[in-house]
Number of protein chains: 2
Amino acid sequence: MSKAKTKSQFKDFLLTQGLKSTRQRELILDEFLHAGSHLSTEDLYLRLRRGNSRIGYATVHRTLKLFAECGIAEQRHFGDGQTRYEASDCDEHHDHLICVVCGKIVEFEDPRIEELQVEVAGAHGFSIERHRLELYGCCPGCSI
Amino acid sequence: MSKAKTKSQFKDFLLTQGLKSTRQRELILDEFLHAGSHLSTEDLYLRLRRGNSRIGYATVHRTLKLFAECGIAEQRHFGDGQTRYEASDCDEHHDHLICVVCGKIVEFEDPRIEELQVEVAGAHGFSIERHRLELYGCCPGCSI
DNA sequence: GTTTAAATTGAAATTCATTTTCAACTAGGT
DNA sequence: ACCTAGTTGAAAATGAATTTCAATTTAAAC
Ligand SMILES: [Mn+2]
Ligand SMILES: [Mn+2]
Ligand SMILES: [Zn+2]
Ligand SMILES: [Zn+2]
């Protein structure tokens, strides 16, 4: 999804929810879209500080939660005790390969796995709402 | 794995690590093996209290970590912010279906998914060490 | 059995990410 | 300009995990 589209989706969300568009929210969204993926609240907060923006940590935290609610961001948990966020690619879904040595994160999507998940859930009478698949191992760079 | 075997595996572990066998560790292991799966530290601590054992929370916490180190227990994280533990079924592996309504947890194993995971990782040059697959949805009991 | 050194225990304190509080401030409608 | 509801951010609170440390227990040595 284009940055412009994401921004307007957030604006619409604020409007329909009776929330306000503020300088802080604009700055946080800009930085979020500009920065790399899988950022923690702390990461984004520090990036904003390094710029000139004096935005409070609580505001960054609350705004990232708003992004997730709005659907323009996804929360991720890779087991380091921090919640991370990444921009949603519209309807695109992906899972993650995580290097246990250097922390590198690679995204992948495999329709065969997705399909089997639905099948397995169905066999147990479950309807899947979401899932989480993370493969932890050693990346090519670290296994030399 | 039988309870007796698990106990002897833990005893061996303590010996080889220069650790000591204590009344508390025995009680915690007994309760752990007797209680259901996917327990948090708090869960097990409360169960022990309900019995007559006055064991400290820190001891339960440390002992569960020892179980995981020793290989007789596995840590699990189902997104409620608590670390859960379950007894290891030897070399058996399984993943989880979690009902987002009632919290019910169903275990499953699908060799086809396991194989595809290895394939996908290999395609990215990764060697998998472990993985995590959780399917969140609505169980049959809750979808009526 | 006694001594001894090292490990263990558990209550309390600490850590650390997350979340809440609340008084001052701001957005946006009238 | 005024009003009201929403927002901000520093500080406090929360909650699970972890550490501290003095008292205690284990198990090996004597
Ligand atoms: Mn991603
Ligand atoms: Mn399980
Ligand atoms: Zn790596
Ligand atoms: Zn259910």
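Lettering of chains follows the sequences in order, A, B, ..., and the numbering in each one begins at 1.
Between the CD atom of Gln75(B) and the C1' atom of dA16(D) there is a distance of 13 Å, rounded to whole Å. As rounded to whole Å, 8 Å separates atom P of dT7(D) from atom CG of Leu66(A). Rounded to whole Å, the distance from CD on Glu26(B) to C1' on dT26(D) is 13 Å. In this structure, the CG atom of Leu15(A) is 13 Å from the C1' atom of dG6(D), given to the nearest Å. Summarising the geometry, the separation between CD on Gln17(B) and P on dA27(D) is reported as 16 Å, rounded to the nearest angstrom. For Lys65(B) and dT19(D), the NZ to C1' distance is 10 Å, given to the nearest whole Å.
Screening Lys20(B), Lys11(B), Lys7(B) for a salt bridge (Lys or Arg N to Asp or Glu O under 4.0 Å) with Glu26(B), the sole residue that qualifies is Lys11(B).
In this structure, Arg54(A) does not reach the dG9(D) phosphate: none of its side-chain N or O atoms is under 4.0 Å from OP1 or OP2. For dT18(D), the OP1/OP2 oxygens have a side-chain nitrogen or oxygen of His61(B) closer than 4.0 Å. Contact annotation: Thr22(B) does not reach the phosphate of dT26(D) (side-chain N/O to OP1 or OP2, under 4.0 Å). OP1 and OP2 of dT7(D) both lie 4.0 Å or more from every side-chain N or O belonging to Gln24(A).
Comparing Arg49(B) and Ser21(A) by the nucleotide of DNA chain C whose heavy atom lies nearest to each, the residue mapping closer to the 5' end is Arg49(B). Residues Tyr85(B) and Leu19(B) both approach DNA chain D. Their nearest nucleotides, taken by heavy-atom distance, put Tyr85(B) toward the 5′ side. The nearest heavy atom of DNA chain D to Arg84(B) and to Gly18(A) marks one nucleotide each, and the one closer to the 5' end goes with Gly18(A).
For the residue pair Tyr85(B) / Gln75(B), a side-chain donor-acceptor distance below 3.5 Å is found, with atom types taken as modelled. His77(A) and His77(B) share no side-chain donor-acceptor pair at under 3.5 Å. Under the 3.5 Å distance criterion, with hydrogens and angles disregarded, no donor-acceptor pair is assigned to the side chains of Glu109(B) and His94(B).
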Walk me through whether Glu31(B) and Arg49(B) qualify under salt bridge (Lys or Arg N to Asp or Glu O under 4.0 Å). CA-CA 11 Å; Glu31(B) 189 62 37; Arg49(B) 291 231 129 193; over 6 Å; no
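When distances run from any side-chain atom of Lys20(A) to the nucleotides dT8(D), dG6(D), dA17(D), the shortest one goes to dG6(D). Picking from dT18(D), dT8(D), dA11(D) the nucleotide with the shortest atom distance to the side chain of Ala58(A) gives dA11(D).
Note: Phe67(B) and Phe10(B) have perpendicular aromatic rings, judged against thresholds of 30 and 60 degrees for the angle between ring planes.
At a threshold of 4.0 angstrom between heavy atoms, the contacts of Thr83(A) are confined to the sugar-phosphate backbone, with no base atom among them. Within 4.0 Å of Arg62(A), counting heavy atoms only, lies at least one base atom of the nucleic acid. No contact: Arg23(A) has no heavy atom under 4.0 Å from any strand.
When the side chains of ILVMFWY residues are joined at heavy-atom separations under 4.5 Å, either directly or via intervening members, Leu15(A) and Ile72(A) end up in two distinct hydrophobic clusters.
The closest side-chain heavy-atom distance from Phe78(B) to Glu134(B) is below 4.5 Å.
When DNA chain C is scanned in the 5' to 3' direction for atoms under 4.0 Å from non-hydrogen atoms of chain B, the outermost contacting nucleotides are dA6(C) to dA11(C).
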